[in-house]
Amino acid sequence: EDSCVLLREDLAAALEREEEWSRAAQVLSGIDLESGGRALEAAYKLRQNIKIAMLYLEDDDPVNAEMYIKKAAALISSCKDEALELQYKTCYARILDSKRRFLEAAMRYYELSQSRPSAACELKMDEDDRDTALRSAITCTILAPAGPQRSRMLAALYKDERSTKFSDLFPFLQKVYLERILDRSEVEAFSRGLKPHHLALLPGGGTVLDRSVVQHNLAAASRLYANIGTDQLGGLLGVAAEEAEALAADMVAEGRMPGSIDQVDRLIHFGAKVEVEALLRWDDSIRAACAKVGELLDSVTALGL
Amino acid sequence: ALLRQVSSLINGLPACDTEAFTREYLTEYNDTLLTLYLAA
Amino acid sequence: VDALFKYDAAEQQLAQSCKPWLKDPHHYKHVRMSALALLKIAMHARSGGNLEVMGILQGKVVGDTFIVIDSFALPVEGTETRVNAQAEAYEYMVDFLDTNKAVHRPENAVGWYHSHPGYGCWLSGIDVNTQMMNQQYQEPWLAVVVDPMRTMAAGKVEIGAFRTYPKDYKPADEGPSEYQTIPLDKIEDFGVHAKSYYPLDITFFKSSTDSHLLDLLWNKYWVATLSASPLISNRDFAVGQIADVAEKLEQAEGQLTHGGRLGRFVEKKKGAGDDSALSKICRDTSKLAAEQIKGLSTQVIKNALFNCRLT
């Protein structure tokens, strides 16, 4: 079995040189890492799982990559190798990015951009690598669905001094952070720096970027208007009125935008409406009445009646 | 003293009788009925 | 019952030296939890809101039963997304247990608890790995999961106790377990690891002092019940449940249109507890509806009691 493993590793290396990423991953995944037949070090298993995940990522196969990175996740806590940890974090961030879990990816990219591996670490990380990670964090945050979590991430990135050196990206980041409505030309300029999977078409139509921009502009509109008709909102966002209403409904339901929708009058009201104030006051009155009943009963008991 | 306590209790009822309360109460009621209808 | 609170270090040492869990992975079957521990766990879980929280159980073992006497919270949160959140709290845990002993609280740590806000009591992949590791190095060890949101919605504590099987152990088929609603985004994690652990039944006990205090509290409990509005306090959770049902319906519909036979979704396998996708959705909506009816009934009764004028 040992010579079989060595053969697989050599074959995988050769396939990698030929840029046959998926085939190399398949060859490596044939190595039995799970059964107790051979005593394998956790570090070796971890390295192989990460390697397979990264190979699948090279071929834009995030589904298989995620399967192996999850196996690596179970082993990472027992491993103290800084280089492996760095590889794992990078790989996981890229998988999240490919799977369009942009906020999680952004958080991990940002964490990577702040890493400073020790001198003893096998893997070196220079300023360029950290800048790349930071750019990825900014891109993913902008593409993430609008809401409070994204706002927090945007704030962190905007206030990070290093962001200002990206002259092509920082003005757009600033506009997004300040919740200003984004216009077509700015969005197109931003889209030039995106990877293919960011511009992939979604099942409902439109790209990831389109959806993100529409949601952002909707959130921005909610800051400008107290209420707006669905037709007017559709015109503002460049989509049909029904789609604008559906988008607003999703954002309200997910707690990413406070508001309410009057479908009968085709109006969207922005801002948190405390609809239950009177009901809560009612509960207070009931509590007071019950307290009086309690006191009454105590008095009756005290009097021995 | 007991009778005064009773009187104070009764004077505190109804616990809430405003238009806003009625509106919110019926909205909750209708929302729940709608949920039940969807469930059915 | 007060005797349950007594701790004999020598007795515990003896019980553990035999290592009964090695001979029978199913050795521990029962959990008796004190009212104090339950209250502390429930309050801690509730205070976490939407974030998972985690803590340690203290107590002892007697035969095949874990006796949980007390619990304490750990300063970590969001435990489901991190591989080993417990590791951050090791120092705190060790300090806490040492301090306990210094103030003559000799109970050992016998397990851990954590919360699953809104998604039920079961062990995820990360939980199973954590518990397996604990059972390797810290036996006897128990895992408890509590759901504070379902507790609020249902009006009773949603809590479960579990132990994992050893890695290559194949458990005998235990038959269908009690159905519970699992949100769509957790179903895979629930299903994949369901056979790696088994539930223990939990019962509760109170000391004589606890009984007296709880009796006194009961006299005031009715006020809190009447002045509560479950429809309002559980609103976010209910919205989440409705959204989950909608997603499950979409998925079931998608499976139907992509070549699934209609029969697959309405037939029930004979004798087994296996339900079709649609019947599971029906059970979820029934539960949701029941909770809504309960909430609405509360409002109607309050209205009748406090708002209707007697003529």
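Chain letters run A, B, ... following the sequence lines, proteins first, then strands; residues in each count from 1.
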For this session: Measure across B/Ala20 and A/Ala278 and return the closest heavy-atom pair with its distance rounded to 0.1 Å.
Result: C-CB, 3.9 Å
For this session: Please report the closest heavy-atom contact between A/Ser299 and B/Leu2, naming both atoms and the distance.
Result: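 Smallest interatomic distance, heavy atoms only, reads CB-CD2, 3.8 Å.
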So for atom [atom1], which belongs to [X], do other residues, nucleotides or ligands contribute more than 12 heavy atoms lying within a distance under 6.0 Å?
X        : atom1 : answer
A/Glu188 : CD    : yes
A/Arg180 : CZ    : no
A/Tyr225 : OH    : no
A/Gln149 : CD    : no
B/Leu3   : CG    : no

[X] side, atom [atom1]; [Y] side, atom [atom2] - distance, nearest 0.5 Å:
X        : Y        : atom1 : atom2 : value
B/Thr18  : A/Glu277 : OG1   : CD    : 10.0 Å
A/Asp298 : B/Gln5   : CG    : CD    : 9.0 Å
A/Leu279 : B/Arg23  : CG    : CZ    : 11.0 Å

Seminar exercise, completed: Looking only at B/Ala1, B/Cys16, B/Gly12, the option with the highest number of non-hydrogen pairs under 4.5 Å against chain A is B/Cys16
Exercise. Does the side chain to side chain contact (heavy atoms under 4.5 Å, CB included) test come out yes or no for A/Val276 and B/Glu28, once each step is laid out?
Worked result: CA-CA 9 Å; A/Val276 294; B/Glu28 283 300 311; 4.1 Å; yes
Exercise. Parallel, tilted or perpendicular: which describes the rings of B/Tyr25 and A/Trp282, with under 30° parallel and over 60° perpendicular?
Worked result: perpendicular
For this session: Go through the atoms of B/Ser8 and report whether side chain, backbone, both or neither lie under 4.5 Å from a heavy atom of chain A.
Result: both
